[in-house]
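This report concerns only the one structure given below.
Both ligands and their constituent atoms are indexed starting at 1 by order of listing. Along the sequence shown, the residues carry numbers beginning at 1. Only this structure's heavy atoms are used, side chains among them; waters, hydrogens and symmetry mates stay out.
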Amino acid sequence: MLNGKKILLIISGGIAAYKSLLLIRLIKQNGGSVQTIITRSGEQFVTPLSVASLSGEKVFTDLFDLTDETEIGHIELSRSADLIVVAPASADIMAQMANGLASDLATTALLATDKSVLVAPAMNVRMWENAATQRNIETLKNDGVLFVGPDEGAMACGEFGLGRMAEPDAILEAIGDCFETDGDLQNKPLFGKKVLITAGPTHEPIDPVRYIANRSSGKQGYALAKAAVALGAHTVLVSGPTSLPIPEGAELLPVETANEMFDETMAELPADIAIFAAAVADFRVENAADQKMKKKNKDDVPSLELVQNPDILATVAAHKSKRPTLVVGFAAETENVIENAKLKLARKGCDLIIANDVGHGSDVMGGSENTIHIVSKNGVEDWPQMSKQEVADKLMAYLVDQLGVEV
Ligand code: C5P
C-alpha cells in the first residue's frame, strides 16, 4: 500500500506514544519505511531503543547531536521523507508548529520541510477544547497541515471526551490517503491493481524444535514482488521463512506453516493477480508433539503420521466469488517437466503454470538463475535461462499483457 514511501515520524510527549510503536509496525508491514524523531517529552513515554528495534532505523532525539548533524542533518531528515507524521501530537508541539518555533530537532525538521505534514493530536479533553489549542489547529489547517483524529473516549487521565489519539490503523489509512494523488504511481500499468504472491518454503512442525521443510529460498517469489511493486501494484507477499530482505514497497505477511499460508492468502482475496511461487509442503505431521521428542532407548524410532495440507492454489483458482483474474502456479519438477506442468494446469484450475526443472544439477532451488516454460491452454512458451529478477520482470510484463491493461 505504501510502495516504499519514507515516513518521518515525530513522537511527541503523551501517553498515546505507545500506540506509535504499533503504527511503526503497520507502516512497515504495508511497505513503507520509518525514520523517527522522539522529542524530549516523548522519550518519557517510549524509549529510542524500542522505536529503533521496530523501525530498524536509527532514532533521532537531539538537535545538537554533532554526530547526527554530520551523518544526516535536520534538513536532510525532512528532505528525504515523503511525508511527516506527528503522532502523538501534543498541544505543545502543535502550538510550536502554529507559531513557527524551532527549538528542538522535531520542530526544526517541521519548520524546514516542504513535504506534507499529517498530525494525530492526543491530549486531555480540556486541553483540546482550550481556545488556544483550537486557534492553533485553525492556523495549522490554514497552513495545509492534515489531521487525523482525535477520537472521543476514555482517557488515561480518567476523563472522557475528545482528545484520544486516532487508532494506528486509522492513522495508517490517513497516511495512505496522503499518497493517493501520487501522479507518478498512477501512470504505472498495475496502479490500483492488487498482486498477491506466495513465496518461500513452509515449515511443518514435528515438535517445538524440529520441522519438515524444503530447499526453496523464496528468491523467485521475492523477485516477483519487486517487479510487481515497480509496475505500481499493491503487492502482498505471503512468505514462508526465508533470509531475504523485504522487497521495498511490498506488504510482507510472514507465515510458517502451509495452514498459516492458506489462511493469510484467503484473507487477502480479492486480488487481480495471484502468483503461487511458494514451495508449500504437501504434508504436515498430524500430531506434532507439544514437547521436544526424546529417544527413549536405542531401538526407539518414532513414526510420524502425515496428513495432506490444503492446496492453496487449487482453492483460490476454484473460488466462486473471489477468484483473481489471473491465477498463476509454479511447477517445480525433477522429470517430465512439461507433461507434469500440463497435468497440473488442469488439476489446479489455474490460468498459467510456470514450469521449471529443479532436478539434480539444475541449481534452481536456492540459486539465482531460472529457466522457465510458460504453460497455458494456448500451448508452451520456452524462455531462455535468466536471472530470477529478469524472469520476474519479464513475467510481470507478460501478466500485465494478459490482464489486458495498457502499458
Ligand atoms: O507442490 P505442487 O507441485 O503441487 O505445486 C504446484 C503449485 O501449487 C505451486 O504454484 C505451489 O505454490 C502451489 N501449491 C499450493 N498449495 C499447496 C501445494 C502447492 O498453493 N498445498
Side-chain angles (χ1 to χ4, degrees), residues 195-205 211-225 228 235-242 244 253-269 271 273-286 306-319 322-324 326-359 362 364-366 370-377 380 388 391-392 395-396 398-399 402:
V195 176
L196 178 58
I197 299 168
T198 69
T202 63
H203 286 182
E204 308 298 331
Y211 54 81
I212 301 174
N214 59 65
R215 295 184 197 279
S216 167
S217 65
K219 281 183 190 160
Q220 189 60 76
Y222 277 57
L224 282 161
T235 307
V236 178
L237 180 61
V238 184
S239 173
T242 74
L244 301 172
L253 302 176
V255 297
E256 212 164 295
T257 64
N259 267 334
E260 287 168 11
M261 187 173 273
F262 179 85
D263 290 344
E264 290 285 6
T265 304
M266 298 313 286
E268 283 301 317
L269 294 180
I273 301 176
I275 309 174
F276 296 84
V280 187
D282 287 327
F283 310 105
R284 69 176 179 277
V285 179
E286 186 174 28
L306 298 181
V307 285
Q308 273 195 20
N309 274 325
D311 192 313
I312 311 168
L313 165 58
T315 309
V316 170
H319 205 292
K322 293 184 185 168
R323 186 190 194 279
L326 278 179
V327 178
V328 182
F330 271 72
E333 301 288 351
T334 54
E335 56 184 351
N336 303 328
V337 178
I338 302 298
E339 279 323 298
N340 283 331
K342 283 182 181 163
L343 291 173
K344 210 160 271 182
L345 182 75
R347 200 169 66 236
K348 304 254 184 182
C350 50
D351 303 296
L352 299 173
I353 283 278
I354 313 303
N356 50 9
D357 191 341
V358 295
S362 73
V364 169
M365 281 222 159
N370 205 355
T371 311
I372 65 162
H373 314 272
I374 300 184
V375 180
S376 70
K377 64 177 184 336
V380 181
K388 286 185 176 173
V391 168
L395 190 56
M396 283 312 305
Y398 181 93
L399 296 179
Q402 297 283 306

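With Arg284 as the fixed residue, the side chain to side chain contact (heavy atoms under 4.5 Å, CB included) test singles out one of Asn259, Leu306, Thr257: Asn259. For the side chain to side chain contact (heavy atoms under 4.5 Å, CB included) test with Val238, the passing option among Ile197, Ile312, Asp263, Thr265 is Thr265; the others fail.
With respect to the salt-bridge test (charged N to carboxylate O, under 4.0 angstrom), the residues Arg347 and Asp311 do not qualify.
Under the ring-ring contact (aromatic ring centres under 6.0 Å, His included) criterion, Tyr211 pairs with His203, sequence neighbours left out.
Within 4.0 Å of ligand 1, protein heavy atoms come from Phe276, Ala278, Val280, Asp282, Pro310, Asp311, Ile312, Leu313, Gly329, Phe330, Lys344, Lys348.
Residue Thr202 holds its OG1 atom at 9.5 Å from CD1 of Ile212, rounded to the nearest 0.5 Å.
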Pair Phe283-Val307, side-chain contact (heavy atoms from CB on, under 4.5 Å): steps then yes or no: CA-CA 5 Å; Phe283 310 105; Val307 285; over 6 Å; no
